[in-house]
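Worksheet: one structure, shown below.
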Amino acid sequence: MEEKTFYKILKEINLNPKKSRQALTDKRLSLSEKKIIEAYFLVRDNKNEEATDILHDIPSSPSPFVEAQKKLLLGISLNNKSKYLEAAASLESAFKQFEVLKTPYFSFVALFNLSFIYFNLKESKKLNLTIQKMHHIPLETKLQEMRLLRCQFLASYLANETESALGYLGKIKTFKSELPESDIISQLVCEFMFFVKLEKFEMCQKTLNEMKLYRKFHLTENYNFMKVLLSHVVNNTPLYVYDNDFTKVPILLNELKVIQSFEENNREAAKNYWQKLSASLPHIYQSDFRFQGEKCLFSIALYEHLSKHDTVANLVTKEDANLTEKLVQILSNSKAPLGKELIYELLWGEHAESKDDFKKLVRLISKIRNEKGIEIVSRKGTYFISGDHKNKKIG
């Protein structure tokens with residue numbers, strides 16, 4: 001192979017990333033090779049957007065190995081951005097080229113990363129086939145052995161083989177501290193997801209706390225997503241979602257927006273965000289809010305909100321009830337907080353046209369609180385009756 005220096009440096013990056021930064025000054029490397037190495041370090045710092053831009057700007061190389069490395073790293077960065085289908089195509093192409101070039105070490109790297117994509121896409125058959133291929137590659141390092149165990153854990157997890165998965169977790173625990181930081185963070189994410197699936201939320205929180213030790217990760221979109229949604233699922237904490245916090249990973253933003261929309265009783269907004277998700281992964285986000293992915297925090301929150309989401313017909317009350325009685329009945333019958341727009345329409349039979357219309361609702365709620373002693377709680381444009389007050393009768 002002509003690119004012996006480039007090959008050795010890339011292998012060193014995988015094994016000892018801190019020691020290999022000086023490689024960028026090596027005069028034996030071509031400009032394209034230096035750009036690929038630079039992109040590797042950007043990916044390790046979770047700067048996937050910058051890495052993708054650099055890789056796209058590298059001109060085509062006459063070297064098949066350089067081209068394969070571009071595809072490998074592009075696939076890794078796209079996977080980190082949750083663009084699974086594009087990532088899979090890039091990594092599959094890289095693997096084929098590495099096979100032709102007879103570079104087993106990088107064939108293994110491509111398969112290792114493909115395993116995580118197939119896991120995310122719930123592709124059990126492809127995941128198992130990928131692991132079989134990994135078994136046929138002669139392992140050169142301890143890191144490869146550990147990564148193979150991690151992939152086997154994923155396969156057991158996806159197949160709902162809980163005991164087997166726990167067995168692999170036990171083996172992984174014995175060497176976890178020996179893994180590179182990027183591998184440790186990735187493994188912690190997998191363990192978090194596994195404990196979510198088992199609804200062992202205390203273990204989820206413990207794993208989340210362990211992630212805090214890694215500054216580069218606990219400032220990322222993935223960490224923030226897990227943190228806010230876990231709190232919402234376990235403690236019913238209100239979701240405050242800001243677009244600029246998740247610009248790099250739109251799939252996470254749209255999932256949170258779906259849940260936030262349901263929390264605010266805005267089914268139309270939820271549909272809009274669901275359509276964005278479906279556009280990228282239609283087999284996962286199917287029509288009528290049917291989620292076909294692995295059980296996760298998002299699916300738990302989604303089904304919880306869907307089960308609570310009342311139709312207008314369920315909330316219509318007796319014609320002869322006065323406004324006070326109607327409002328108490330509506331909120332008592334509802335299993336979830338109701339938006340002020342829907343409440344107004346149910347009470348007055350028309351859409352609210354101005355802020356003055358909503359002031360009528362606020363005055364009515366204040367009257368019920370003061371005169372009837374019923375605690376109506378306001379949260380983010382919705383209302384619900386607190387706790388035992390639901391059973392309190394007017395009279």
Starting from the C-alpha separation in whole Å, work towards a yes-or-no answer on side-chain contact (heavy atoms from CB on, under 4.5 Å) for Phe225 and Leu253. CA-CA 8 Å; Phe225 176 87; Leu253 173 66; over 6 Å; no

For Leu281 and Leu277, what are the C-alpha separation, side-chain angles and deciding distance, and is it a side-chain contact (heavy atoms from CB on, under 4.5 Å)? CA-CA 6 Å; Leu281 293 170; Leu277 291 166; over 6 Å; no

In sequence, state the C-alpha distance, the side-chain angles, and the governing distance for Glu181 and Arg44, and then conclude on salt bridge (charged side-chain N to carboxylate O under 4.0 Å, His left out). CA-CA 9 Å; Glu181 183 175 301; Arg44 288 195 173 277; over 6 Å; no

Walk me through whether Arg147 and Phe108 qualify under side-chain contact (heavy atoms from CB on, under 4.5 Å). CA-CA 10 Å; Arg147 284 180 167 176; Phe108 185 93; 4.1 Å; yes

Yes or no on side-chain contact (heavy atoms from CB on, under 4.5 Å) for Phe246 and Lys257, after CA distance, side-chain angles and deciding distance? CA-CA 11 Å; Phe246 296 92; Lys257 286 289 191 180; over 6 Å; no

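Ser186 places no side-chain N or O within donor-acceptor distance of the main-chain N or O of Ser182, the cut-off being under 3.5 Å. In this structure, Lys70 contributes its side chain and Ile58 its backbone to a donor-acceptor pair below 3.5 Å. Using modelled atom types, one side-chain atom of Thr382 and one backbone atom of Arg379 make a donor-acceptor pair closer than 3.5 Å. Between the side chain of Thr52 and the backbone N or O of Asn48 there is at least one donor-acceptor pair closer than 3.5 Å. Checking side-chain atoms of Ser332 against main-chain N and O of Val328 turns up a donor-acceptor pair under 3.5 Å. One N or O on the side chain of Thr237 and one on the backbone of Ser231 form a donor-acceptor pair closer than 3.5 Å. Between the side chain of Gln286 and the main chain of His283, a donor-acceptor pair closer than 3.5 Å is present. A donor-acceptor pair is defined here as one N or O able to donate and one able to accept, closer than 3.5 Å; such a pair exists between the side chain of Glu325 and the backbone of Asn322. A side-chain donor-acceptor contact under 3.5 Å links Asn128 to the backbone of Ser124. Thr103 places a side-chain N or O within 3.5 Å of a backbone atom of Phe98 that can act as its donor or acceptor partner.
Using modelled atom types, one finds no donor on one side chain facing an acceptor on the other under 3.5 Å when comparing Gln187 with Lys176. There is no side-chain donor-acceptor pair under 3.5 Å between Asn224 and Asn222. Tyr285 and Glu255 share a side-chain donor-acceptor pair at under 3.5 Å. Asn209 and Gln205 are linked by a side-chain donor-acceptor pair at a separation below 3.5 angstrom, with hydrogens and angles left out of the test.
Hydrophobic clustering (side-chain heavy atoms under 4.5 Å, transitive across Ile, Leu, Val, Met, Phe, Trp, Tyr) groups Val362 together with Leu323. Two different hydrophobic clusters hold Leu129 and Phe112 under the rule that ILVMFWY side chains link at heavy-atom gaps under 4.5 Å. Side-chain heavy atoms closer than 4.5 Å link hydrophobic residues (I, L, V, M, F, W, Y) into clusters, and following such links, even through other members, never connects Leu91 to Val100. Residue Trp348 is grouped with residue Leu342 when hydrophobic side chains (ILVMFWY) are merged at heavy-atom distances under 4.5 angstrom, including chains of intermediate members. A continuous path of Ile, Leu, Val, Met, Phe, Trp and Tyr side chains, each step under 4.5 Å between heavy atoms, connects Leu85 with Leu252, placing both in one hydrophobic cluster.
Counting heavy atoms from C-beta outward, Lys197 and Asn160 have side chains that approach closer than 4.5 Å. Looking only at side-chain heavy atoms (C-beta outward), Leu208 and Lys227 come within less than 4.5 Å of each other. Two residues are said to be in side-chain contact when any heavy atoms from C-beta on lie closer than 4.5 Å; Lys360 and Asp357 meet this criterion. The closest side-chain heavy-atom distance from Ile365 to Arg369 is below 4.5 Å. Residues Met193 and Glu294 are not in side-chain contact: their nearest non-hydrogen atoms beyond the backbone lie 4.5 Å or more apart. A heavy-atom distance below 4.5 Å is not found between the side chains of Leu256 and Phe298. Annotation: side chain of Tyr7 is not in contact with side chain of Glu33 (no heavy-atom distance under 4.5 Å). A heavy-atom distance below 4.5 Å is not found between the side chains of Met146 and Ile172.
Nearest heavy atom pair, residue Glu67 against residue Pro59, reads OE2-O, 4.1 Å. When all heavy atoms are compared, the tightest approach of Leu347 to Lys326 is CD2-CB, 3.6 Å. Taking both residues in full, the closest heavy atoms of Ala270 and Ser261 are given as N-CB, 3.4 Å, listed atom of the first, atom of the second, then distance. Looking at every heavy atom in both residues, Pro64 comes nearest to Gln97 through O-NE2, 3.5 Å. When all heavy atoms of Leu72 and Ala110 are compared, the pair lying nearest together is CD1-CA, 3.7 Å. Across Ile137 and Pro104, no two heavy atoms sit closer than the pair CG2-O, 3.7 Å.
In this structure, Tyr157 and Phe194 have perpendicular ring planes: the angle between them is above 60°, well past the 30° mark. Between Phe106 and Phe65, the ring planes lie perpendicular to each other; the angle is over 60°, past the 30° to 60° tilted range.
Applying the salt bridge (Lys or Arg N to Asp or Glu O under 4.0 Å) test to Glu140 and every residue at least two apart in sequence or in another chain returns Lys11. With sequence neighbours left out, Ser61 forms a side-chain hydrogen bond (donor to acceptor under 3.5 Å, both in side chains) with no residue at all. Not a single ring pair (Phe, Tyr, Trp, His ring centres under 6.0 Å) links Tyr118 to another residue, sequence neighbours left out.
Atom CG of Leu78 sits about 5.5 Å away from atom CD of Glu86, to the nearest 0.5 Å. Of the inter-residue distances, the one linking Leu111 atom CG with Ile131 atom CD1 reads 10.0 Å to the nearest 0.5 angstrom. Rounding to the nearest 0.5 Å places CZ of Arg150 at 11.0 Å from CG of Leu169. Taking CG from Leu154 and CG from Leu127, the interatomic distance works out to 6.5 Å, rounded to the nearest 0.5 Å. Taking CG of Leu149 as the reference point, atom CZ of Phe175 lies at 5.0 Å (rounded to 0.5 Å). Within the model, atoms CZ of Phe153 and NZ of Lys171 stand 13.0 Å from one another, a figure rounded to the nearest 0.5 Å.
More than 12 heavy atoms of other shown residues, nucleotides or ligands fall within 6.0 angstrom of atom NZ in Lys81. Within a 6.0 Å radius of NZ in Lys8, other residues, nucleotides and ligands contribute 12 heavy atoms or fewer. The environment of Glu202 atom CD is sparse: at most 12 non-hydrogen atoms of other residues, nucleotides or ligands sit within 6.0 angstrom.
Ring-centre distance between Tyr303 and Phe291: not below the 6.0 Å cut-off.
Between Lys96 and Glu99, none of the side-chain N atoms (NZ, or NE/NH1/NH2) sits under 4.0 Å from a carboxylate O, so this pair counts as no salt bridge.
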